[in-house]
Amino acid sequence: MDKRYQPDLFEDKIYRDWEKSGTFTPKAKGEAYSIIMPPPNANDPLHIGHACFVTLEDIYARFERMRGKSVLWLPGTDHAGIETQYVFEKRLKKEGKSRFDFDRGTLYRMIWDYVEENSGTAIKQMKKLGASADWSRTKFTLDKDVVAMVVDTFKKLYDDGLVYREVRLVNYCTSCGTAFSNLEVKHVERVSPLYYMKYGPFTLATTRPETKFGDTAIEVHPDDKRYQKWIGQEVEVKGLAGKFKMRVIADRRVDRKFGTGVVKVTPAHDFNDFDVYLKHKKEVPGPKQVIGFDGRMNQLAGKYQGLKVMEARKAVVADLTKRGLMEKVDETYRNTIGVCYRCGTTIEPLPLPQFYIKVKPLTQRALRALKEKKVKIFGAGYDKILNHWLKSLDDWNVSRQIVWGIRLPIWYEADKNPEVEVKFLNKDKKLISDQVGELLKNYSLAEIKRGLQSLRAPLTAKFTVSPTSPGENFLQETDTFDTWFSSSQWPLVTLKTSRFKDDFKRFYPTSLMETAYDILIFWVMRMLFMGLYLTGKVPFEKVYLHGLIRDEKGQKMSKSKGNVVDPVEVIQKYGADALRMALVIRSTAGRDKNVGDDDIRGMRNLTNKIWNAARFVIVSNNTHSEHSRSGVAPAAHSGSDSDLKDEKFKKELSGVVKQITDQLEAMKPGLAAETVYFYFWHWFCDECIEQNKQGKISPLALIKGLRVFLKLLHPFVPFVTEAVWRQLPKTEEKLLIGAQWPA
RNA sequence: GGAUCCUUAGCUCAGCCGGUUAGAGCGUCCGGUUUACAUCCGGAAGGUCGUAGGUUCGAGUCCUACAGGAUCCACCA
């Protein structure tokens, strides 16, 4: 054995041996234990967060496998709809192209090919980390059978009356070209000048003067003495685009102290104002959209048509000022605005018909399951947060205006819905845009279908929900599902579509869901209620939420800060075991952890310590055996003193085994890692081996102790322990991964 | 505005179903190399466990208030 442990000499070979041995596949018999891996983005290389989940899940897979359970750790990758399309579009842009140059079928295939090129990387890297997942069961979220089940789920929801189509204001990113759910909008504080402008007989304060062309009413507080006489009246407003008549309505939501106590109502471009419209439907006209989905003012904005929102604001402010209609401007006013979590563009509230899922009936069951402890959350305070969300969740907008995803199984009959708006590339690759009724006069439906880019059906359009085309004459909705809609069914879908027919029966509900706390609401919550809806059972019994990995100073890692720890580089430098141990030791559920080079180096030292302790114990044991064979027992090792010490050693050792087993069972892997580290180094090495040198503990007891420690250490540092294991005289399992956990 | 979490050695953090002298890693200081490991060993310094109350025979560990910090959520134009 070398003087030092050199990970790169062992890791790849050991991993291949594990794979060949078939231990990653669940045994035919034994108590079932299952973990569904959170599918990483198929298109992204591994980052430190992945290394964290791989380590934690692998610890439990190995631990339970060694305890004799039939362990399934099922891996997969995610198509990551918006993320991936966003990245792909950036590439297109570099080539001077955009998604509008392609029909949706072609674009989809292009992204598919692009993702396929990269999809092996993440899996290869997880293997580098030692992940003992069953790769033969790997699933991709756009696999045919997965798509079929997701679509079926939507149909079931629809048949159960839990799906509806509605025009509401959506969170629309004009840069990504799609709507988002509320959860995907980030709120940031910005300076938004507050403009006090003259408005008919009033002065009102607004941060969005450019939306004035979409105003449909004026609103005051019902008890506001200043404006009593106007309530219910129609007033005339002379603005930049001629004269308008507008009704003054009263609502308690108006804050009399803010601005002048007068609010303009713009239902097409403000969430509050849309609610006001719904509440005062009888008094005010419907939403009047003046900003298009391209983020530019439309024809209703008169001479401002074609300007981007911010340009229009500038122009409108300038014109109002010129005409003396601007009373004052508060330039320091700050408010929070929504921005796209992906690209940071200001979210534009726009009216759009979308498909919504009614969540109340679903969340009720999840709340009950939580209350009855059918599922237990590990992570500081996150059970409360989950509970709070389940109680207050809004209906779920699942429509996305992107190509990279699962298309909604919604069909519009072309003849019967002539007002459906269609964009498509004709045979000459020219983009044509019009209502389908008009288009059919000049084009065949087949040509439209072939070049289809997107369609937008009015709310009144009749549709059919069907997994396959209901007939020749139908056009399929071009919206795709929110990625989280398919992810929400992941534990169920992966097991149901498995090529092993028993998997669902054997492994559902799964034993453990392990993921980062930042997707508790996006993913875990939705899996919980969808799993309950589809199977009547919780999808997982335990949820372990790990924290974010930060740099040694506690700063978030980011490319711009240049403090990103690349797991692959770390593995090359210190070995996979060192990285794994550094990530997990002293970590606590739900809390962020700082990891720096020092931490990893410290754990590299542990792997070397394991190696060298083994080196000593093995040599010492061999020497002892030789003495035995020659019939000359070394004097120091004989006598009752040594036997007595051996007994004490064994007793303490079994105490250590119990402690670590208990900590792992209690979902405290960070503490278990620390315990095993401490007892191995400071007890086994510093005390027991030293005592052996003085002849107080026998080499035989020591080598038995080493075997136990290798097993205890194995889930945390699988490579070095396996490397040492093969240096030991063969007494039990050939591979440590298949050995039995000490009792 | 609401919610959650945190405050323990110079730094980063464990420990908390309450129970003898409060731990680790890194760092600092002193000493050590006749072969398991200098990626090491032995030893030392360093903490009134945020503040103030309370519960208790006994509290970093439970409760309350306060202070400071972090994060998440929220429609004041």
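Within every chain, numbering begins at 1; the chains are lettered A, B, ... in the order of the sequence lines, protein sequences first and strands thereafter.
Set against rC75(B), rC26(B), rC41(B), the side chain of Trp681(A) has rC41(B) as its closest nucleotide. The side chain of Asn605(A) lies closest to rU39(B), out of rC5(B), rG25(B), rU39(B). Across rA36(B), rA77(B), rC5(B), the shortest atom-to-atom separation from the side chain of Thr206(A) is found for rA77(B).
Taking a pair to require two hydrogen-bonding distances under 3.5 Å in either a Watson-Crick or a G-U wobble arrangement, rU39(B) remains unpaired. In a base pair of the Watson-Crick type (N1 to N3 plus N6-O4 or O6-N4) or a G-U wobble (N1-O2 and O6-N3), with each distance short of 3.5 Å, rU34(B) is matched with no nucleotide. Here rA45(B) sits opposite no nucleotide as a Watson-Crick or G-U wobble pair (both hydrogen-bonding atom distances under 3.5 Å). The partner of rG60(B) is absent, by the rule that a Watson-Crick or G-U pair needs both atom distances under 3.5 Å. Of the nucleotides present, none pairs with rC16(B) by Watson-Crick or G-U wobble criteria with both distances under 3.5 Å. Pairing partner, rU71(B): rA3(B), with both Watson-Crick or wobble hydrogen-bond distances short of 3.5 Å. When both distances must be under 3.5 Å, the Watson-Crick or G-U wobble mate of rA22(B) does not exist.
The nearest whole Å value for the distance from the CZ atom in Arg313(A) to the P atom in rA77(B) is 12 Å.
Annotation for His682(A): atom NE2 counts as buried by contact number, over 12 foreign heavy atoms lying within 6.0 Å.
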Practice item. Indicate for each nucleotide in nucleotides 9-15 of chain B, in 5' to 3' sequence, whether protein heavy atoms under 4.0 Å reach the base (B), only the sugar-phosphate (S), or nothing (-). Key: ---SSSS
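For the C1' atom pair drawn from rC49(B) and rG18(B), the interatomic distance equals 15 Å after rounding to whole Å. Comparing the same atom, P, in rG2(B) and in rA65(B) gives a spacing of 14 Å after rounding to whole Å. To the nearest whole angstrom, the two P atoms, one in rG50(B) and one in rC6(B), are 12 Å apart.
Under a 3.5 Å cut-off, the side chain of Thr260(A) and the backbone N or O of Thr203(A) do form a donor-acceptor pair. A distance-only check finds no donor-acceptor pair linking the side chain of Glu11(A) to the backbone of Asp8(A) [under 3.5 Å]. Checked by atom type and distance alone, the side chain of Arg580(A) pairs as donor or acceptor with a backbone atom of Pro715(A) at under 3.5 Å. Using modelled atom types, one side-chain atom of Asp577(A) and one backbone atom of Phe719(A) make a donor-acceptor pair closer than 3.5 Å. A distance-only check finds a donor-acceptor pair linking the side chain of Asp395(A) to the backbone of Val359(A) [under 3.5 Å].
A cation-pi arrangement is present between Lys328(A) and Tyr196(A) under the rule of less than 6.0 angstrom and at most 45 degrees off the ring axis. For Lys693(A) and Phe616(A), the positive end sits near the middle of the six-membered ring, less than 6.0 Å away and at most 45° from its axis.
Note on Lys384(A): only backbone sugar-phosphate atoms sit closer than 4.0 angstrom, heavy atoms only; bases stay farther off. At a threshold of 4.0 angstrom between heavy atoms, the contacts of Asn608(A) include nucleobase atoms, whether or not backbone atoms are also involved. No contact: Tyr382(A) has no heavy atom under 4.0 Å from any strand.
Using a 3.5 Å distance cut-off with no hydrogens or angles, the side chains of Asp270(A) and Tyr277(A) do not pair a donor with an acceptor.
Put simply, the side chain of Lys693(A) and the base of rA36(B) share a donor and an acceptor less than 3.5 Å apart.
Contacts with RNA chain B (heavy atom under 4.0 Å) in residues 258-279 of chain A: Phe258(A), Val263(A), Asn272(A), listed by number.
Under 4.0 angstrom from either OP1 or OP2 of rC40(B) there lies no side-chain N or O belonging to Asn612(A). Phosphate proximity of rC76(B) to Thr336(A): present, with a side-chain N or O under 4.0 Å from OP1 or OP2.
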